[in-house]
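Structure record follows, encoded as structure tokens.
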Amino acid sequence: MCYDKYPPYAIGEFGEFSTSGIKVKLLQEIGKQLGVLVAVRILPWKRCLSAAKEGAVDGILPLYKTPEREQFMAFSLPVMRQYNCFLYRKSAFLGRIDWTDYQSLKSHHLGMEIGSVVDKEMEAIFESVRPIERAADSITLMKMMDSGRIDLATVDSNVGKYLVSQQGMGDTIGVSDVPIGRLSYAAFGFSRAAGADKWAAEFNRIIEKMRKSGRLEKLDSPGVQ
């Protein structure tokens with residue numbers, strides 16, 4: 001399978017095989033129970049999607065199911081809850097904060113990754129005051145926050161927790177951990193062109209087994225690398 005370079009979900013360099021990350025470990029666990037050898041190659045996201053569409057890989061680690069993706073991939077049962085939340089500069093937010101009240105937050109300067117769309121209603125509220133600052137990645141947004149250029153930024157909740165710990169910025173940057181918009185659930189995608197859609201039922205059997213035992217929830221954590 002393939003996935004983007006996106007710690008803590010898949011850790012490694014482009015073109016290499018990943019052996020660590022939340023989603024990589026989940027695939028390895030399922031593969032072990034099925035007696036199947038599994039591997040994950042780190043590819044840029046658009047290339048990973050193209051590879052699945054063309055049948056160059058058997059599938060993609062858990063991702064969001066969309067009508068467009070269902071045309072070339074079969075999906076497993078949901079395996080992982082994912083959502084975006086706010087990273088924030090602690091010195092800019094004092095006292096109790098309602099992270100769902102975007103009207104009260106809009107005076108703060110928001111940053112987002114280039115090309116990302118998290119919640120159009122939320123974004124429109126912030127943009128009614130000033131343009132949203134855009135950056136190439138979450139680490140750059142954190143540096144902008146640390147310098148005082150922005151006050152908060154949107155981030156995947158697990159990615160935020162991982163990066164704050166990795167960068168040693170826990171004293172100055174917090175993670176709201178309150179979902180922005182609706183919760184989404186990620187699932188394994190199997191390439192129809194590669195004939196890998198036949199594995200969906202087998203994966204589902206193991207996923208149900210892991211959910212009942214509590215093992216699935218334990219693997220869904222930034223501490224699993």
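For Lys23 against Pro62, the heavy-atom pair with the smallest separation is NZ-O, 2.6 Å. The heavy-atom pair separating Ala187 from Ser76 by the smallest distance is CB-O, 3.4 Å. Nearest approach of Pro131 to His109, heavy atoms of both residues: O-NE2, 3.6 Å. Taking every heavy atom of both residues into account, Ile42 and Ala10 meet most closely at CD1-CB, 3.9 Å. In this structure, Ser107 and Ser104 approach most closely via the heavy-atom pair OG-O, 4.3 Å. Residues Lys25 and Thr19 approach most closely at NZ-O, 3.5 Å, considering heavy atoms.
Heavy-atom contacts from other residues, nucleotides or ligands closer than 6.0 Å to CG of Leu37 number 12 or fewer. For Asp171, the CG atom sits in a loose shell: 12 or fewer heavy atoms of surrounding residues, nucleotides or ligands are nearer than 6.0 Å.
Met122 contributes atom CE, which lies 8.0 Å from atom CG of Asn84 (distance to the nearest 0.5 angstrom). Taking SG of Cys48 as the reference point, atom OH of Tyr3 lies at 8.5 Å (rounded to 0.5 Å). To the nearest 0.5 Å, atom CD1 of residue Ile206 and atom CG of residue Leu216 are 11.5 Å apart. One finds the OH atom of Tyr88 at 9.0 Å from the CZ atom of Phe93 (value rounded to the nearest 0.5 Å). Note: Ile125 CD1 to Leu110 CG = 11.5 Å, rounded to the nearest 0.5 Å. Taking CD1 from Ile132 and CD from Glu127, the interatomic distance works out to 4.0 Å, rounded to the nearest 0.5 Å.
Without hydrogens or angle criteria, Ser176 side chain to Trp99 main chain gives no donor-acceptor distance under 3.5 Å. No donor-acceptor pair under 3.5 Å is formed between the side chain of Lys5 and the backbone N or O of Gly12.
The side-chain heavy atoms of Phe203 and Leu77, taken from C-beta on, include no pair separated by under 4.5 Å. The shortest side-chain heavy-atom distance between Asp151 and Met145 does not fall under the 4.5 Å cut-off. Two residues are said to be in side-chain contact when any heavy atoms from C-beta on lie closer than 4.5 Å; Leu49 and Arg69 meet this criterion. In this structure the side chain of Asp58 never reaches within 4.5 angstrom of the side chain of Ser191, judged on heavy atoms. Side-chain contact between Val175 and Tyr162 is absent, with no heavy-atom pair separated by less than 4.5 Å. Proximity of Leu152 to Arg89: side-chain heavy atoms (C-beta onward) are nowhere separated by under 4.5 Å. Looking only at side-chain heavy atoms (C-beta outward), Arg134 and Ile114 come within less than 4.5 Å of each other. The side-chain heavy atoms of Met210 and Gln33, taken from C-beta on, include a pair separated by under 4.5 Å.
Paired with Met1 under the rule side-chain contact (heavy atoms from CB on, under 4.5 Å), one option of Val38, Leu27, Val24, Ile60 passes, and it is Leu27. The one candidate from Val40, Asp4, Val79 that meets the side-chain contact (heavy atoms from CB on, under 4.5 Å) condition with Leu61 is Val40.
Following chains of ILVMFWY side-chain contacts shorter than 4.5 Å, one cannot reach Val155 starting from Tyr102, and the two form parts of different hydrophobic clusters. Note on Ile22 and Val164: same hydrophobic cluster, where clusters join Ile, Leu, Val, Met, Phe, Trp and Tyr whose side-chain heavy atoms are under 4.5 Å apart, directly or indirectly. Tracing side-chain contacts under 4.5 Å through hydrophobic residues (I, L, V, M, F, W, Y), one reaches Tyr9 starting from Ile207; they form part of the same cluster. The cluster map of Ile, Leu, Val, Met, Phe, Trp and Tyr, joined by side-chain heavy atoms under 4.5 Å apart, puts Ile139 and Met169 in the same cluster. Tyr64 and Met80 fall into different hydrophobic clusters, defined by Ile, Leu, Val, Met, Phe, Trp and Tyr side-chain heavy atoms under 4.5 Å apart, directly or through other members.
Under the 4.0 Å criterion applied to side-chain N and carboxylate O atoms, Glu123 and Lys120 are not assigned as salt-bridge partners. By the 4.0 Å N-to-carboxylate-O rule, Asp177 lies close enough to Lys161 to be salt-bridged with it. Lys32 and Glu29 are not joined by a salt bridge, as no carboxylate oxygen comes within less than 4.0 angstrom of a charged side-chain nitrogen.
Applying the side chain to side chain donor-acceptor pair (under 3.5 Å) test to residues at least two apart or on different chains, none of the pairs has a partner in residues 40-54.
Under the 3.5 Å distance criterion, with hydrogens and angles disregarded, no donor-acceptor pair is assigned to the side chains of Ser147 and Arg149. In summary, the side chains of Ser157 and Gln82 do not present any donor paired with an acceptor at a separation below 3.5 Å, with no hydrogens or angles considered. Counted by atom type alone, Asp156 and Tyr83 present zero donor-acceptor pairs between their side chains at under 3.5 Å.
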Starting from the C-alpha separation in whole Å, work towards a yes-or-no answer on side-chain contact (heavy atoms from CB on, under 4.5 Å) for Leu105 and Ile97. CA-CA 9 Å; Leu105 296 172; Ile97 305 296; 3.9 Å; yes
Using the rule given for side-chain contact (heavy atoms from CB on, under 4.5 Å), can you reason through Thr154 versus Phe86, listing the C-alpha separation, both sets of side-chain angles and the distance that settles it, and then say yes or no? CA-CA 5 Å; Thr154 59; Phe86 289 117; 4.0 Å; yes
TODO: Apply ring pair (Phe, Tyr, Trp, His ring centres under 6.0 Å) to the pair His108 and Phe126, showing each step before the final yes or no.
DONE: CA-CA 8 Å; His108 294 280; Phe126 276 91; 8.4 Å; no
Practice problem: Start with the C-alpha distance between Lys106 and Val129, add both sets of side-chain angles, then the distance that settles side-chain contact (heavy atoms from CB on, under 4.5 Å), and finish with yes or no. | Solution: CA-CA 7 Å; Lys106 68 181 182 181; Val129 177; 3.8 Å; yes
Chi angles and distances behind the side-chain contact (heavy atoms from CB on, under 4.5 Å) call for Ile11, Tyr6:
CA-CA 6 Å; Ile11 301 171; Tyr6 199 35; over 6 Å; no
